[in-house]
Number of protein chains: 2
Amino acid sequence: MGHTPSFHPLYRQIKELLLTALQRREWQPGEAIPSEQELAQRFGVSQGTVRKAIDELVAENLLVRKQGKGTFVVSHNDPRQFYRFLRLRRDDGEWIQATSVPIDCWRAKAGQEASKVLQIPQGAPVVILRRVLRFSNKPLVLDEIYLPGDVFEDFSLDALREWRGSLYAFFEQRFGVRMVRAEERLKAVAADRIAAEALGVTERTPLLLVERLTYTYHDRPVEWRKGYYATLEYHYFNELT
Amino acid sequence: MGHTPSFHPLYRQIKELLLTALQRREWQPGEAIPSEQELAQRFGVSQGTVRKAIDELVAENLLVRKQGKGTFVVSHNDPRQFYRFLRLRRDDGEWIQATSVPIDCWRAKAGQEASKVLQIPQGAPVVILRRVLRFSNKPLVLDEIYLPGDVFEDFSLDALREWRGSLYAFFEQRFGVRMVRAEERLKAVAADRIAAEALGVTERTPLLLVERLTYTYHDRPVEWRKGYYATLEYHYFNELT
DNA sequence: CAGTGGTCTAGACCACCTC
DNA sequence: AGGTGGTCTAGACCACTGA
């Protein structure tokens, strides 16, 4: 009868152990985790099995291997990871450093849509943050960001203004929340007055609307944002496999 | 001294052998390749080494494993692969089958841009194809597709009109060209008269412009297309990892 | 049942980094 | 020199498929 075989290979159980250890921050972002040999001993399995578990975590961008040095917890504070999820590129392919400029921030209660996507009760506290991303000093992205209030308690615009680096690096450092993966939904829309002003374009200019839902460990959604991208000399880059 | 160590592990050499075998169509799309044991014997390596080579080809979507049955060459003619590279989804998440409707097709000489992206000489023959994608009978995507003329010789609109299935399935079946990966560049633009008419929207409606460069084996570009997507009730879906 | 991919082990050795 | 990840092997056994 249609029962689920529920066969769980050993390396997946090891992976789950590593995942929960990461989740409770047994090793800090940027730090090395124990060596494969050491983990194999700790869990009572062979090194090859630990290796296969780590393989999957590396494929999911939670860990990075460095030959001869060790395996490290990925951190958004690593300069190479600063804008890891930002797919905006110049049309000529040149790389431009982005700068985040906070605009305003307030607290509110979750409406129907926010409560649904963030999987929190309606009326639960949310933090709403608006900011602009500048590329070579041109404002190109206007973001409106919704955060669950209980995870981001006493979020302060002042602390953010002093921050050098990406927003996710800030979240990781200050709130211990590591963004692990995200889903984006893109549409073309006409700029309203607010977006037009923030981005220095005329009203009704076509903008790329990028709706992003970001997850931390174990598929828990912890950020929802709407981004309005001005794509005159820039584009959103994507690879399909 | 900055010399390249150029250490090539055995399994990568095996992978390369498999790749060239795939490229010269030693095994047809949809067919099984020899078993891991058999390949190990043929190449004189252990099964684990063959396995690791296949692992990478599976990760690149060139092969699929089916436990107990074998390892198969991925085919765009597999119904589950029909619109593998199409990221358009309904806003409510429901799955809608797309239908391709060819409009017109003509031959031309490669201009500066086409020659650059397709890596062919300027003036080399290209086939230009325009078609519309319909979702539940609504035209939602207008595609203008550039193909290198030497690869797609005697491309005929008549044969395409009779075809049931995706364009890439057609290319694979008729021309032996398998699309392996693609890069997309997205912008928001205003609909011109032609796009507006084809998609049944008013002129200057914001559209998603999706420029796609598609590659076959060994990173050889074989298709360039510009797609205009009407994203009123639909969106382009993307996962970031 | 035989044949396939999938897992797990133990051990040897290689490439790379740091001291 | 010693530690780390990376490769390769050989063999045993498990899970799944289809005749």
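Lettering of chains follows the sequences in order, A, B, ..., and the numbering in each one begins at 1.
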For B:F135, all residues meeting ring pair (Phe, Tyr, Trp, His ring centres under 6.0 Å), sequence neighbours excluded: B:Y234
Ring pair (Phe, Tyr, Trp, His ring centres under 6.0 Å) involving A:W27 - partner list, sequence neighbours excluded: none
According to side chain to side chain contact (heavy atoms under 4.5 Å, CB included), who are the partners of [X], at least two apart in sequence or on a separate chain?
X      : answer
A:E233 : A:K138
A:E153 : none
A:S46  : A:T49

Involving DNA chain D, stems made of at least three consecutive Watson-Crick or G-U pairs, both distances under 3.5 Å: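 DNA chain D forms these stems: C:1-18 with D:1-18.
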With A:R80 via salt bridge (charged side-chain N to carboxylate O under 4.0 Å, His left out) - residues at least two apart: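 Once residues adjacent in sequence are excluded, the partners of A:R80 under the salt bridge (charged side-chain N to carboxylate O under 4.0 Å, His left out) criterion are A:D78.
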Listed partners of B:R90 passing salt bridge (charged side-chain N to carboxylate O under 4.0 Å, His left out), at least two apart: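 For B:R90 the salt bridge (charged side-chain N to carboxylate O under 4.0 Å, His left out) partners, ignoring immediate neighbours, are B:D92.
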Contacting residues from residues 28-58 of chain B, given that a heavy atom lies under 4.0 angstrom of DNA chain D: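 Result for residues 28-58 of chain B: B:V45, B:S46, B:T49, B:K52, sorted by number.
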Contact list for DNA chain D against residues 59-81 of chain B - heavy-atom distance below 4.0 Å: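 B:Q67, B:G68, B:K69, in order of number.
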Parallel, tilted or perpendicular: ring planes of A:F170 versus A:F155, cut at 30 and 60 degrees: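 Taking A:F155 first and then A:F170, their aromatic rings stand perpendicular (interplane angle over 60°).
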Rounded to whole Å, please give me the gap between [atom1] in [X] and [atom2] in [N].
X     : N      : atom1 : atom2 : result
A:Q13 : C:dC8  : CD    : C1'   : 12 Å
B:R12 : D:dG6  : CZ    : C1'   : 11 Å
A:L10 : C:dG6  : CG    : C1'   : 13 Å
B:F7  : C:dC17 : CZ    : C1'   : 16 Å

Pairwise salt bridge (Lys or Arg N to Asp or Glu O under 4.0 Å) hits with a residue in residues 38-47 of chain B, at least two apart: B:E26-B:R42
Side chain to side chain donor-acceptor pair (under 3.5 Å) contacts in which one or both residues fall within residues 55-68 of chain A, not counting sequence neighbours: A:R12-A:E56, A:K15-A:E56, A:K15-A:E60, A:E36-A:R65, A:D55-A:R65
